[in-house]
Chemist: 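Sharing a structure with you now.
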2 protein chains.
Amino acid sequence: MSEQEPVPPPEESGRESSAPPEPGPPARRGRGRPRATRRRDQILDAALAEFGESGFQGASLAAVARRVGLSQQGLLHHFPSKEALLIAVLARRDEVDVRELDGLGDTAALTGLAERNTRRPGVVRLHSLLTAEGLTGDHPASAYVRDRYARVRERLAHTLRTEHGDRLPSGATPDQAAALLTAAMDGLQLQWLYDPDSVDMPDLMGLLTDVLRGAAPDPTPP
Amino acid sequence: MSEQEPVPPPEESGRESSAPPEPGPPARRGRGRPRATRRRDQILDAALAEFGESGFQGASLAAVARRVGLSQQGLLHHFPSKEALLIAVLARRDEVDVRELDGLGDTAALTGLAERNTRRPGVVRLHSLLTAEGLTGDHPASAYVRDRYARVRERLAHTLRTEHGDRLPSGATPDQAAALLTAAMDGLQLQWLYDPDSVDMPDLMGLLTDVLRGAAPDPTPP
DNA sequence: TGTTTTGCCGAATGACCGGTAGGTAAATTC
DNA sequence: GAATTTACCTACCGGTCATTCGGCAAAACA
């Protein structure tokens, strides 16, 4: 008899923690999820957390398994390989991501996104880590990141174009502004992760959008 | 007799390739560098390139050694450990960095820095990779990155303050602008590394500085 | 010339890692 | 209640990695 130590619950889930249960495959049995899927979700939560802390390369399957109170091979029963596990994590992340992207209908929504990110450092870490790791040759996250950049910039540029036409009041084109806003978001996340107190992400994102839209400076003197 | 294959010369050195030889310890012998130091520099060049391609965690000592036509143990004769090697790379990088930081006397210099970075993707990759890796617990680059952020932001804020006082025409404070400029630089580098053609770093950094300084939009219509 | 130092390599070590094979017990299905 | 599927484990394997040890030849030095 080996006692297992299923380590405390994960800090944040891939599915938005407070999101209403999706109207997909109907919940079977008394318990919430369709039996088999629950463990999978637990594992994905653990993987998200572990990859977020150590990166994909840095994390070991054993470490992920330990988080759910499983042996490494028990974990491999649910996901055939480490890479498959990452893919699954990203796929689930993608659902949320698409929803968030759709939410960027106006530029102010970026500030809201920044604020929400403040409350889920694990996800932000995962994103930052994978974006960098994806640069190294044939990393499983490369395509994901590249694709994500394209979508985000495109979506943002589209929004800006509908709001301001082919040139913002500041003189920037929608494409330029999109690239800058995306870059600022990523860069601020890094600074914030290193020193949360010195960087106010929502505030700075709001400032940048205002400035790019050519808003007049705040009339109230300091 | 085992033929070695010392792989072609590195694309870029840690010391600025065209910088004048430093007036430090006098060059001994006919050849340029003081005998022993030359191999060390070769190794550091190789390590910079390798770490830039695979990251610190992802790179192996053997791979670095191969680049200089050395065995892994031969390399360890010059640097006692992998970590020591990274530290040495960063220390050498620091010299250049300080010089570049001093060059940021006016905001326009940022555009110049972006342009120079376009010509040394290896260094940019190293920087991006290590910044992310440094987030993972007790990484040898953590302190370096944290410290670097502090210095860069401080230096930038100082420059902005001398140029514009306590508030830029755009309404941003020097500290805010410094954080945003730093973030944009980092973020643009990532986007640029993923897709060099779609992102014009110098152009966008120039645009951002202009916008933050509250410059009027370019009067010439598209 | 003899001695020491330097530069380097071959071999070995121990840790860890991802992944495979085979088995077992419980749950599910019939 | 029998058959099958699912969930998971123990044991194992081949590979890579950083690091250590001991030795050897060339260079530097005396």
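What you see below is based on every heavy atom in this structure, not just the backbone, and it leaves out hydrogens, waters and symmetry mates. Protein chains get the first letters and strands the later ones, always in sequence-line order, with residue 1 at the start of each. Everything numeric in this text was worked out from a predicted model, so none of it was measured.
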Chemist: L75(A) CG to dT6(D) P: how many Å, rounded?
Modeler: 18 Å

Chemist: Applying side chain to side chain contact (heavy atoms under 4.5 Å, CB included), name anything that partners R151(B), two or more places apart in sequence or on another chain.
Modeler: D94(B), D97(B), V98(B), L101(B), D147(B), R148(B)

Chemist: Find the distance F79(B):CZ to dT6(C):P and express it as a whole number of Å.
Modeler: 16 Å

Chemist: Mind checking what makes side chain to side chain contact (heavy atoms under 4.5 Å, CB included) contact with T107(A), not counting sequence neighbours?
Modeler: L160(A), E163(A), L181(A), T209(A), R213(A)

Chemist: Can you name the one residue among T118(B), V124(B), T131(B), V199(B) that meets side-chain contact (heavy atoms from CB on, under 4.5 Å) with Q189(B)?
Modeler: V124(B)

Chemist: At under 4.0 Å, does any side-chain N or O of H78(A) touch on OP1 or OP2 of dC8(D)?
Modeler: yes

Chemist: List in chain and number order the residues that pass ring-ring contact (aromatic ring centres under 6.0 Å, His included) with H127(A), two or more places apart in sequence or in another chain; answer none if no residue qualifies.
Modeler: none

Chemist: For R153(B), enumerate each residue passing the side chain to side chain donor-acceptor pair (under 3.5 Å) test, keeping only those at least two apart in sequence or located in another chain.
Modeler: Q191(A), S198(A)

Chemist: List for me each residue that meets side chain to side chain donor-acceptor pair (under 3.5 Å) alongside E83(A), sequence neighbours excluded, and say none if there are none.
Modeler: none

Chemist: Take atom CZ of R39(A) and atom C1' of dC8(D), then tell me their distance rounded to the nearest Å.
Modeler: 9 Å

Chemist: Is there a side-chain contact between S71(B) and the phosphate of dC8(C), meaning an N or O under 4.0 Å from OP1 or OP2?
Modeler: no

Chemist: What is the distance, to the nearest angstrom, from the CD1 atom on I87(B) to the C1' atom on dA18(D)?
Modeler: 16 Å

Chemist: Between C1' on dG7(C) and CD1 on I43(B), what's the gap in Å once rounded to a whole number?
Modeler: 10 Å

Chemist: Please report, rounded to the nearest Å, how far the C1' atom of dC8(C) is from the CZ atom of R40(B).
Modeler: 16 Å

Chemist: For a quick check, with a 4.0 angstrom heavy-atom cut-off, what is the B/S/- contact string for nucleotides 19-25 of chain C, read 5' to 3'?
Modeler: BB-----

Chemist: Would you indicate what A84(A) reaches in the nucleic acid, counting non-hydrogen atoms under 4.0 angstrom: base, sugar-phosphate, or nothing?
Modeler: nothing

Chemist: In this structure, how many angstroms lie between the P atom of dC17(D) and the CZ atom of F56(B), rounded?
Modeler: 13 Å

Chemist: Find the distance E50(B):CD to dA18(D):P and express it as a whole number of Å.
Modeler: 10 Å

Chemist: Under a 4.0 Å threshold between the charged nitrogen and the carboxylate oxygen, would R92(B) count as salt-bridged to D41(B)?
Modeler: yes

Chemist: I want to verify a distance call: between dC9(D), dG18(C), dC8(C), whose nearest atom is closest to the H77(B) side chain?
Modeler: dC8(C)

Chemist: Using a 4.0 Å heavy-atom cut-off across all strands, classify A65(A) as base, sugar-phosphate, or nothing.
Modeler: nothing

